[in-house]
Amino acid sequence: MPNSADLFISGVGADAIARVVDRIATRGYAVAPEFLDQGVVAALRANALRFDRAGLLLPAAVGHGADRVERTDIRGDRIHWLEEATDDPCERSLQDALEALRLAVNRELQLGLFGFEGHYAIYPAGTGYARHRDRFRDDDARVLSIVLYLNDRWRNEDGGMLRLHLARGRSIDVIPQEGTLVAFLSDRFAHEVLPARRERYSIAGWFRRRA
Ligand code: OGA
Ligand code: MN
């Protein structure tokens with residue numbers, strides 16, 4: 001296991017973005033606690049809960065097109081896609097931060113990130129997401145995966161860690177703590193969500209390259 005002090009970076013704004021880009025360049029992934037303002041994150045969590053009460057979160061599927069299947073044994077979350085044309089202030093703040101990240105990644109790493117798709121996700125207690133990669137078999141447009149966690153005061157014993165599988169059988173576990181952003185190259189890392197013991201909130205998304 002790499003030294004944990006080494007894995008975590010903190011802060012907001014241009015500095016935080018520069019560190020995320022640097023970690024993606026050197027390791028292929030970045031973990032950034034407190035990436036977004038706590039008030040914004042709390043408002044995003046309130047959105048997730050409100051959308052869920054309104055019945056807008058629907059069981060997620062694996063695969064897409066003709067391969068699309070709902071398999072709660074593989075992934076237990078329900079999701080609601082973000083709308084690009086939102087006027088919700090906290091979603092706009094998230095979009096601004098992600099746009100700054102996209103531009104910095106393109107400038108420094110020439111990944112040619114173009115569009116973004118993302119969704120709110122709620123994992124009920126007892127569910128997770130089995131080991132997978134964020135690429136569809138027939139579509140390699142997803143280049144950079146991101147996850148932003150929306151959980152207030154998550155404790156280790158709540159489970160629900162993101163386990164990112166690195167080279168040579170190593171892995172790291174990321175606690176899905178409010179405000180933490182994880183970014184990783186979509187084709188490089190298998191990963192899984194360990195079963196959570198309480199309801200788990202996040203926004204997961206993908207930067208795509210032009211098809
Ligand atoms: C996904 C995913 C990880 C997480 O939605 O594809 O891997 O920690 N999510 O929520
Ligand atoms: Mn994934």
Side-chain angles (χ1 to χ4, degrees), residues 7-8 20 23-24 28-36 41 44-45 47-49 51-52 56-65 67-82 94 98 101 113 115-152 154-156 158-166 171-208:
L7 293 171
F8 298 101
V20 168
R23 292 305 172 102
I24 294 169
Y29 70 93
V31 180
E34 296 173 27
F35 183 76
L36 274 193
V41 176
L44 290 168
R45 177 174 65 245
N47 278 355
L49 288 163
F51 291 145
D52 197 34
L56 294 174
L57 275 79
L58 300 173
V62 294
H64 71 164
D67 293 333
R68 188 182 184 285
V69 280
E70 277 173 29
R71 288 278 305 272
T72 50
D73 55 325
I74 297 178
R75 65 182 290 190
D77 55 337
R78 29 181 210 282
I79 66 169
H80 176 60
W81 290 94
L82 293 163
L94 173 64
L98 292 178
L101 178 62
L113 305 182
F116 178 81
E117 57 191 338
H119 59 61
Y120 291 95
I122 298 183
Y123 290 79
T127 69
Y129 192 156
R131 181 175 171 142
H132 67 282
R133 279 177 209 258
D134 287 346
R135 279 261 172 115
F136 297 117
R137 260 190 292 278
D138 59 346
D139 177 355
D140 65 356
R142 289 177 168 182
V143 175
L144 187 70
S145 301
I146 65 111
V147 193
L148 174 72
Y149 298 109
L150 309 178
N151 303 294
D152 189 23
W154 196 265
R155 302 159 310 166
N156 282 352
D158 294 327
M161 268 76 84
L162 168 66
R163 179 164 292 169
L164 203 58
H165 295 278
L166 310 177
S171 64
I172 61 157
D173 287 351
V174 180
I175 295 171
Q177 192 62 261
E178 177 171 80
T180 297
L181 178 98
V182 180
F184 58 91
L185 296 171
S186 303
D187 62 349
R188 188 134 132 211
F189 300 98
H191 56 281
E192 61 194 293
V193 177
L194 303 181
R197 287 186 205 96
R198 63 184 248 225
E199 205 166 60
R200 178 191 194 268
Y201 310 108
S202 61
I203 289 175
W206 301 271
F207 287 105
R208 284 180 275 105

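What's counted below: heavy atoms across the whole structure, side chains too, no hydrogens, waters or symmetry copies. Note that the structure is a prediction, hence the values are computed from the model and not measured. Count residues from 1 along the sequence. Read the numbers this way: they start at 1 and go in the same order the structure lists the ligands and their atoms.
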Sorted by chain and number, sequence neighbours left out, salt bridge (Lys or Arg N to Asp or Glu O under 4.0 Å) with Arg78 holds for Asp52, Glu199

What is the closest protein heavy atom to [atom], and at what distance does it sit?
atom                    : answer
atom 10 (O) of ligand 1 : Arg200 NH1, 2.9 Å
atom 3 (C) of ligand 1  : Val193 CG2, 3.5 Å
atom 5 (O) of ligand 1  : Ala204 CB, 3.7 Å

Check contact between His132 and ligand 1, using heavy atoms of the residue and a distance below 4.0 angstrom. yes

For the Mn ion (ligand 2), the nearest N/O/S atom on Asp134 is atom OD1

For the side chain of [X] and the backbone of [Y], is there at least one donor-acceptor N/O pair under 3.5 Å apart?
X      : Y      : answer
Arg133 : Asp187 : yes
Ser186 : Val143 : yes
Asn151 : Pro176 : yes

* Under 3.5 Å, is there a donor-acceptor pair between the Asn47 and His80 side chains? -> no

Under 3.5 Å side-chain donor-acceptor pair for His191 and His165 = no

The side-chain contact (heavy atoms from CB on, under 4.5 Å) partner of Tyr120 among Ile79, Leu56, Leu82 is Leu82

Counting both backbone and side chain atoms, is some N or O of [X] under 3.5 Å from an N or O of ligand 1?
X      : value
His191 : yes
Tyr149 : yes
Tyr129 : no
His119 : no

- Task: Answer yes or no on whether Arg45 is positioned over the face of Tyr201, meaning its NZ or CZ is under 6.0 Å from the six-membered ring centre and within 45° of the axis.
- Result: no

The answer for which part of Tyr201 has a heavy atom under 4.0 Å from ligand 1 is neither

Counting heavy atoms under 4.0 Å, the part of Asp77 that contacts ligand 1 is neither

Row for the Mn ion (ligand 2): angle NE2 (His191) to NE2 (His132), 10° precision, value 90°

Atoms of ligand 1 under 4.0 Å from any heavy atom of Trp206, numbered from 1 in the order shown, are 6 (O)

Query - Geometric class of the Trp81/Trp206 ring pair [parallel <30°, tilted 30-60°, perpendicular >60°] - result: tilted

